[in-house]
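Remember, predicted model here, so these are calculated numbers, not experimental data. Lettering of chains follows the sequences in order, A, B, ..., and the numbering in each one begins at 1.
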Amino acid sequence: MASERALMVLAGAGSGKTRVLTRRLARLLYQGEAGAGEILAVTFTNKAAMEMRERVVQLLGLDETVARRLWVGTFHGMGARMLRAHGERIGFDGLFTILDSSDQQRLIKRLAEQREMVDAYWTPKRLASSISRWKDDGLGPEDLAETRLKFSRDLMRVSDFYAAYQDELRRLNAMDFGDLLSNCLKLWDRSPEVLNAYRQRFRHILVDEYQDANKVQYDWMRRLAADSSLCVVGDDDQLIYSWRGARLDNILKFEEDFPNARIIRLEQNYRSTGNILRASGGLIDHNLGRKGKTLWTEGEEGAPITIHVAEDGEDEARHVTREILRLVPEKSFNDMAVLVRTSSQTRLFEQTFHEYNIPYRISGGLRFMDRAEIKDAVAYLRLAYSSRDDLAFERIINVPSRKLGPKALEEILAAAREVEGSLLEGARHLIGLKGSGSAAMGKLSAFVRLIDAAHAMLDVEHPVAVLDHLLDESGYKDAVELEERRNDIRENLTELRIFLSQVDDLGGFLERAALEADPPGTERRDDGINRVVISTLHAAKGLEFPVVFLAGLEEGLLPHKMAVEEGGAAAVEEERRLTYVGMTRAKERLFLSHARSRRLFQRLEPAIASRFLKEIPPETIQKREAPVMARRGVGIPRPRRPFYS
DNA sequence: CTTGGAGTTATTTTT
DNA sequence: TAACTCCAAG
């Protein structure tokens, strides 16, 4: 068992995939087949990575220093780590900046407007998402001819723009998420000795949620695993990231690329009751082109699934609240989860839970690190840490307002170009040229002095002290204090401060801030606090709860309107898998619900029950509230569309 | 030049 | 709602 070179575990929901991986990892260490430093375990989310690390540590009672040598993390995290160490070989400073999606979009927007690239079709948003997708697919600017652009006449413009964006990133010493992997591949091409060193080091590679790997991730994994033993686990029915380039193809290709691969199927489910299993199985059966497996359990039938029809979103939230309160004598809050399709749905539950004093925790939704005030504070730290970080400079130069707007920035940029340096150096140059007499130059020179002072402080003071100094002296704190009714801003900054005070390495903190969007304290699932989890379906993958509420089962929401209108049949299948993932999170009780109307921006729109509800075997469902009789057409089957267009 | 107000518009999922 | 654009006042 231990000696095969490549192993793929295809396993259904709840069959213990992650346990297989964790056990394997633990066994390698325990039996001395590998040292901690020789193992690389890749997961899709930071949360999953933390959990795996913790479980192994617990299983073996590992020492902290040993655990530290294990590489457990996301593809992107590993890529960043390798590029920090060797990026200079492909022309990046080790302190390169990592752009998140909103940074990326801002940069692309500016660039696209400058280069008059924007038109009705090529909005900045579409450019950004297309470029990300091409990177996921392993396509550089020069490879675009291979893709089918909607308008082939745009090919040259678009690929030129893509190339210009890449040049700009290089100039900024920055990488977006996609670059963290594609630049690794570039690095390995350029410096085979680096790749070889990693190959020799990582004799064992393990990959979780393999079905969600995209082309770049697959190539990254395959090249790294050339000489090592490789174990991947996945489930085609839980592929929910095709919009990020994941493809079923990877599962098929595995057998080709690793000819001696062993394939194991796990079909016994240890998680859910028979009812939940049959209900979710009946649903997923409606997808064509799956590898097909039937899960079974030795467990009990369990309670039937319930479907509740609510008047509107608020009513639905109240219903869930009622059920939670009814269950709470025998279940604790952290036994229960509310799962939704879109992050905007979380607010509804948040409000109602607040009203009824139900403790909750949000997973997915607006993340901590994405909040404006947190990004501002982090940008101050980034600039103090690395004066070359032009994106941070740009973000905070006028926050709080220093009356240095777009025109002033333009001037600074010109000065920076003149001295061939960063914006901060450009600012220094500009002050030298024009003196600091004028109002604008006075403000600018105070800003530069602040950053310089903070930079010097970093050598002697704790990062928290530096942050305090930055926010005090910049006037940021005063500006925040003036905001009435925005206690959340102050609370978030306080939380950031608490988090930062536990940090001893600012570089490591900034790395995590760039790669992990989760609120500090949320990343550990079992944090001891008894709270209901409110989560998007995507963020819930890999988790399980005794009681699950799956809300908003409506046409337009699940399946989502975007998927139905733009993605065609394949996208609807993905929505079905998403629903399947949600249902299979439940161990004992599953509550489904939908509303008759739902508020969409300002309007209250009528909503009809999701098609998926009709696909669940009726015998697994207990009560179904009387459907709206008066409305014609609700129960009438729509004309059937071909599954694949 | 910058800023704030008015008016408009568009809403998936995440590293 | 919130996130944008546009425009006129300061």
[X] side-chain proximity, nearest of [options]:
X	options	value
A/Thr74	B/dT15, B/dT2, B/dT13	B/dT15
A/Met562	B/dT11, B/dT15, B/dT2	B/dT11
A/Ser401	B/dT2, B/dT15, B/dT3	B/dT3
A/Thr536	B/dT13, B/dT2, B/dT15	B/dT13
A/Tyr241	B/dT14, B/dC1, B/dT15	B/dT14
A/Arg244	B/dT14, C/dA2, B/dT3	B/dT14
A/Ala539	B/dT2, B/dT14, B/dT15	B/dT14
A/Lys109	B/dT2, B/dT12, C/dT5	C/dT5

When the distance from [atom1] of [X] to [atom2] of [N] is rounded to whole Å, what number comes out?
X	N	atom1	atom2	answer
A/Ile240	B/dT12	CD1	C1'	12 Å
A/Lys541	B/dT15	NZ	P	10 Å
A/Glu565	B/dA10	CD	P	14 Å
A/Asn398	B/dG4	CG	C1'	13 Å
A/Glu605	B/dT11	CD	C1'	13 Å
A/Glu209	B/dT15	CD	P	12 Å
A/Arg371	C/dA2	CZ	C1'	14 Å
A/Lys125	B/dA10	NZ	P	10 Å

Do A/Gln104 and A/Lys109 get their side chains close enough for a donor-acceptor pair, meaning under 3.5 Å? no
DNA chain B: A/Glu566 or A/Phe75, which has the more 5' nearest nucleotide? A/Glu566
The residue, A/Thr45 or A/Leu600, whose nearest nucleotide of DNA chain B is more 5′ is A/Leu600
With the side chain counted from C-beta on, respond yes when A/Leu430 and A/Glu411 share a heavy-atom pair under 4.5 Å apart, and no when they do not. yes
Looking at A/Phe96, I'd like to know if the NZ or CZ of A/Arg84 sits under 6.0 Å from its six-membered ring centre while staying within 45 degrees of the ring's axis. yes
Does A/Tyr580 have A/Arg577 sitting over its ring (NZ/CZ under 6.0 Å from centre, angle to axis within 45°)? no
What's [X] touching, base or sugar-phosphate or nothing? Going by heavy atoms closer than 4.0 Å.
X	result
A/Leu180	nothing
A/Ala563	nothing
A/Lys135	nothing

Using the aromatic ring of A/His560 (for Trp, its six-membered ring), decide whether it stacks on the base of B/dT12 within the limits of 5.5 Å and 30°. yes
What do you reckon, do A/Trp243 and the base of B/dT13 stack, with centroid distance below 5.5 Å and planes below 30°? yes
Determine the interatomic distance between C1' on B/dT13 and the same-named atom on C/dC4; round to the nearest Å. 23 Å
Indicate the ring-plane relationship of A/Tyr218 and A/Tyr210, choosing parallel, tilted or perpendicular according to the 30° and 60° boundaries. tilted
Would you call the rings of A/Tyr360 and A/Phe353 parallel, tilted or perpendicular, where under 30° means parallel and over 60° means perpendicular? tilted
Distance criterion of 3.5 Å, no angle test: do you see the side chain of A/Arg341 paired donor-to-acceptor with the base of B/dT13? yes
No-H, no-angle donor-acceptor pair, A/Ser101 side chain to B/dT15 base, under 3.5 Å: yes
